[in-house]
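Okay, structure first, notes after.
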Amino acid sequence: MQWKALALALLVERGYGQAMPMMRFQCSQLVVDRLDPLVNPGVVPSPHLHQIVGGNSFNASMDPKTHDLPASSTCTSCTFSEDFSNYWTAVLYFRARNGTYRRVPQFVSEGLRADGGITVYYIPSPNAKESVKAFTPGFRMLVGDATARAEGTARKVCHRCMPATGDNSNINCGAPDSQSLPTKMCAGGIRSVITFPTCWDGKNTDSVDHMSHVAYPVSSSTDVSVGAYGTCPASHPVKIPQVMYEVMWDVSINVSFSLS
């Protein structure tokens, strides 16, 4: 898997410099393994390697009908001890000139403390009067395409070559972000950002493809807005908080990458 093809999964219990309330926290790495209870439940090993964070009851199956995250987990790798949700992403590899591969480590976002992992955001609507429904227990969703080999139409998976420190132009998936991974040295690493849909059908906590029960708004202030912006389509009328991942990759020693 390469390019924008970050296959991301979520199990859950404003752009342009405008300040808005949000919850931002770090989840340290729990495990790196070939497990994917969402796309390949019960399959060991799964076709792809993932970095997983969150509750320690994570396993290859996790049937939501029988696996209760809060009851099954005794601790979490996330900042908030009450968050037993699991979050996972693809793993980035460095491809050497001799054809060998080496996993690129993650490091914590600037200003936070953790052992690698993922920075997680829960972002409400910029309209404080708008009704936004909390996630139903057992809710699952996925973003990304594990088969993609070129840039596509997805507007919510992007990468940025970061400076050594500070980044004032931190708008989500706006310039200089790109669907393509940077090919030059990045003093502050590569930042990958993944934003999940904010519209729900109001009925299903999952779907066959793990995507159809949610949707992005049909209209928003811009394609790079952060938070539960815009108008939901009639098929998915319920507004939910926007979940966003931020993953920092330590690429200080290499410039050619592949996602697994």
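What you see is a predicted model, and the numbers here were worked out from it, not measured in a lab.
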In terms of hydrophobic clustering (I, L, V, M, F, W, Y; side-chain heavy atoms under 4.5 Å; direct or indirect links), are [X] and [Y] co-clustered?
X      : Y      : result
Phe25  : Ile118 : yes
Met22  : Val132 : no
Leu112 : Met23  : no
Val43  : Leu142 : no
Val247 : Val108 : no

Looking just at side-chain N and O atoms, do [X] and [Y] make a donor-acceptor pair shorter than 3.5 Å?
X      : Y      : result
Asp209 : Ser207 : yes
Ser72  : Ser57  : no
Ser125 : Asn127 : no
Ser77  : Ser28  : no

If you group Ile, Leu, Val, Met, Phe, Trp and Tyr whenever their side-chain heavy atoms sit less than 4.5 Å apart, what else falls in with Met162?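 Reading the cluster by chain and number, Met162 sits alongside Phe107, Met248.
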
[atom1]-[atom2] distance between [X] and [Y], expressed to the nearest 0.5 angstrom:
X      : Y      : atom1 : atom2 : result
Ser61  : Asn40  : OG    : CG    : 11.0 Å
Phe80  : Cys27  : CZ    : SG    : 9.5 Å
Asn86  : Ile52  : CG    : CD1   : 8.0 Å
Thr195 : Ile123 : OG1   : CD1   : 8.5 Å
Asp33  : Asp36  : CG    : CG    : 11.0 Å
Arg34  : His48  : CZ    : NE2   : 8.5 Å

Can you see which heavy atom on [X] is nearest to which on [Y], and at what distance?
X      : Y      : result
Thr136 : Lys133 : OG1-CE, 4.3 Å
Glu246 : Ser109 : OE1-OG, 2.6 Å
Ala215 : Pro197 : O-CB, 3.3 Å
Pro233 : Val218 : CB-CG1, 3.5 Å
His213 : Asn204 : CD2-O, 3.4 Å
Pro182 : His159 : CD-CB, 4.1 Å

Does [X] use its side chain to pair, donor to acceptor, with the backbone of [Y] at less than 3.5 Å?
X      : Y      : result
Ser46  : Leu35  : yes
Lys239 : Gly230 : yes
Gln106 : Asp115 : no

Partners meeting side-chain hydrogen bond (donor to acceptor under 3.5 Å, both in side chains) with His236 (sequence neighbours left out):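 Result, side-chain hydrogen bond (donor to acceptor under 3.5 Å, both in side chains) vs His236: none returned.
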
Run Val120 and Thr79 through side-chain contact (heavy atoms from CB on, under 4.5 Å) and show every step you take. CA-CA 10 Å; Val120 180; Thr79 300; over 6 Å; no

Let me see the working for Asn98 and Thr100 under side chain to side chain donor-acceptor pair (under 3.5 Å), right down to the final yes or no. CA-CA 6 Å; Asn98 63 5; Thr100 60; 2.6 Å; yes

Applying side-chain contact (heavy atoms from CB on, under 4.5 Å) to Arg103 and Gln51, what does each step give before you reach the verdict? CA-CA 11 Å; Arg103 186 173 70 81; Gln51 63 149 333; 5.7 Å; no

[X] vs [Y] side-chain heavy atoms within contact, under 4.5 Å:
X      : Y      : value
Thr231 : Pro217 : no
Pro41  : Met62  : no
Met244 : Phe196 : no
Phe58  : Pro37  : yes

Please say which of Tyr121, Phe139, Phe135 ends up in a side-chain contact (heavy atoms from CB on, under 4.5 Å) with Val243.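 Single pass found, and it is Phe135.
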
